[in-house]
Amino acid sequence: MSELYDIIIVGGGPAGLAAGVYGSRSRLKTVILQKGTPGGQAATTEELENYPGFPRGTKGPELMKAMADHAESFGTEILNEEVVDLDLDGDIKVVRTKSGKEYQSKIVILAPGASPRTLDIKGEQEFRGKGVSYCATCDADFFEDLDVVVVGNGDAAIEEAIYLTKFAETVTIIVIHDEGILDCNKVSAEKAFANPKIKWVWNSVLEEIQGDGLVERVLIKNIKTGEISELETNGVFFFVGTVPNTEFLKGKVKLDDRGYIITNDKMETSVPGVYAAGDARVKYLRQVITAASDGAIAAFAAEKYLAEEETFREQVLKADKPVMVAFWAPQVEESIAAIGELERIADKLGDSVKLVKMDTYRNQRVASRYGIKEIPSLLLFNKGEVAVKIAGSMSEEKILPHLYARIKSK
Amino acid sequence: MIEVDKTNFEEEVLKAEGLVVVDFWSPKCEPCKELMPHVAKLAEKYQGKAKFCKLDTAANRRLAISQKVLGLPTIAFYKNGEKVAELTQEVTVEDVEAKLNELV
Ligand SMILES: Cc1cc2nc3c(=O)[nH]c(=O)nc-3n(C[C@H](O)[C@H](O)[C@H](O)COP(=O)(O)OP(=O)(O)OC[C@H]3O[C@@H](n4cnc5c(N)ncnc54)[C@H](O)[C@@H]3O)c2cc1C
């Protein structure tokens, strides 16, 4: 059993690393559990040119190394661990790793990112590492003076294809759309069209990969004519999107039907104290900058959560006298009147009771934990337990008897 | 781990008796660099039972391709100079050790 962390971050891509920077800079004891070297997908691309402030020529591995160093400089620990199981329900979360260790924390930020999608084309599995690849940076130099095929036409596909032309003799991109139509950004499209090493096959999909031990040729199907043609090649690179690395989170937090983690805009998941950031969550744009942004928000929200929980524990649960917790909201007129009434009552009783006001507009968590459906509502706590629950307008007749009973019984 | 290249691959691997494990890697391959220290630990643990080599494919591309390695990381197992097993891409050190136990 390890010491207690404030924040455990699962995954050390840009989302996890940014959360680490924010978490440890707020003086929270923060650890990142990352299988292998940190950096995530962003460390697998040499062409990373759209992270603001880092102009053309920036390389993914360098930027990610800088982020990891940055997080560590504020005190974030980065450990080489693969998370396999989590226990998220209690106040103290337990995280188990493949190496058999257990880590404990008050907060968990899930940032496991995504992995390349496979298409299950005939030969794709068989020729993995034999010419089939999902990582240009890893494998490009094998293909010096050889011919390769790229499947896909989004940003990653076209940018990695351009990178591959630095090595390969020819790079043939297979595009499912009509001639001239690509899903990637305009700048990359123009660059690719102007590159003499890039060849195009339009209206087509990859049908099969063949060879003897190594990739030798592919079969390409024209989806308009149904015609199948053969192309000799030494390599096939797939860039056809990604799938979230959330298999180990099934049944732990709410996922959508494609496996992405569902969060609100504070990065809160369906479980209190558990946040998600980066490519693994449901979102519109999956990039380094949005992953980093998510990480910052998650860590900031986590810090607020810890502070609020701590305050609640100190002021309410550990109090040595009865505590009235009043749930109000600035937009509910009646609740403002109720607060006024409760303040009068508290004054009247002096030191023997305490009043804690909960603005449910800013913090709904405590309200929902105690099943508060109506505003205003009052919970009377005694010795850390809810003794009485009162909803609606507040008055002396409604409340004083309960208070007197508690004060006397003390 | 013994560093092998085109000058000594034949001697150290293809003409070697017993079990030889070759870790194919390159300086640009992040997953390879993360795997290698773990493989080095296995090399110590299995000392005397298997020989461990590493091959930089960036500097020995033709040699790698002659061994039908065209993707990284790849861990190949040779027995009396004959390739008997291979693990490639998304390789974990647990996989390597399991395969090793099968073969020693
Ligand atoms: C080829 C390619 C090119 C790209 N180019 C660009 C670009 O130019 N600009 C741009 O902005 N974006 C680019 N992207 C997208 C960008 O890389 C991602 O949006 C970003 O990396 C997502 O960050 P993340 O932290 O959410 O996840 P990831 O980067 O996927 O990192 C998640 C990390 O968590 C680890 N992990 C997963 N599960 C576990 C577990 N159970 N235990 C421990 N660790 C775990 C993984 O190993 C991984 O390291 C590119 C992506 C690819 C694939």
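What you see is a predicted model, and the numbers here were worked out from it, not measured in a lab.
- Heavy atoms of Pro73(B) lying under 4.5 Å from chain A are absent altogether.
- With a 6.0 Å radius and a threshold of 12 heavy atoms from other residues, nucleotides or ligands, Asn101(B) has its CG atom above the threshold.
- Annotation: Lys65(A), atom NZ; neighbour count of heavy atoms from other residues, nucleotides and ligands within 6.0 Å does not exceed 12.
- At distances below 3.5 Å, at least one donor-acceptor pair connects side-chain atoms of Arg61(B) with backbone N or O atoms of Glu144(A).
- Contacts between residues 35-49 of chain B and chain A, counted as heavy-atom pairs separated by less than 4.5 Å, involve His38(B).
- When each of Thr37(A), Asp141(A), Val215(A) is scored by its heavy-atom pairs under 4.5 Å with chain B, the top score falls to Thr37(A).
- Looking at Val132(A), only its backbone comes within 4.5 Å of chain B, counting heavy atoms on both sides.
- Counting only distance, with no hydrogens or angles, the side chain of Asp139(A) and the backbone of Leu70(B) share no donor-acceptor pair below 3.5 Å.
- Of the atoms belonging to Phe143(A), heavy atoms from both backbone and side chain fall under 4.5 Å from chain B.
- Contacts between Glu82(A) and chain B at a heavy-atom distance below 4.5 Å are absent for every atom of the residue.
- Nearest heavy-atom pair across Thr92(B) and Lys98(A) is CG2-NZ, 4.1 Å.
- Closest approach of Leu72(B) to Phe142(A), counting heavy atoms only: CG-CE1, 3.6 Å.
- Here the closest non-hydrogen pair linking Ser26(B) and Cys138(A) is OG-O, 4.4 Å.
- For chain A, the option among Lys33(B), Lys28(B), Glu34(B), Glu94(B) with the highest count of heavy-atom pairs below 4.5 Å is Glu34(B).
- Glu86(B) is listed as a side-chain neighbour of Lys130(A), based on a closest heavy-atom distance under 4.5 Å.
- Checked for salt-bridge contact, Arg128(A) and Glu90(B) meet the test: a charged N lies under 4.0 Å from a carboxylate O.
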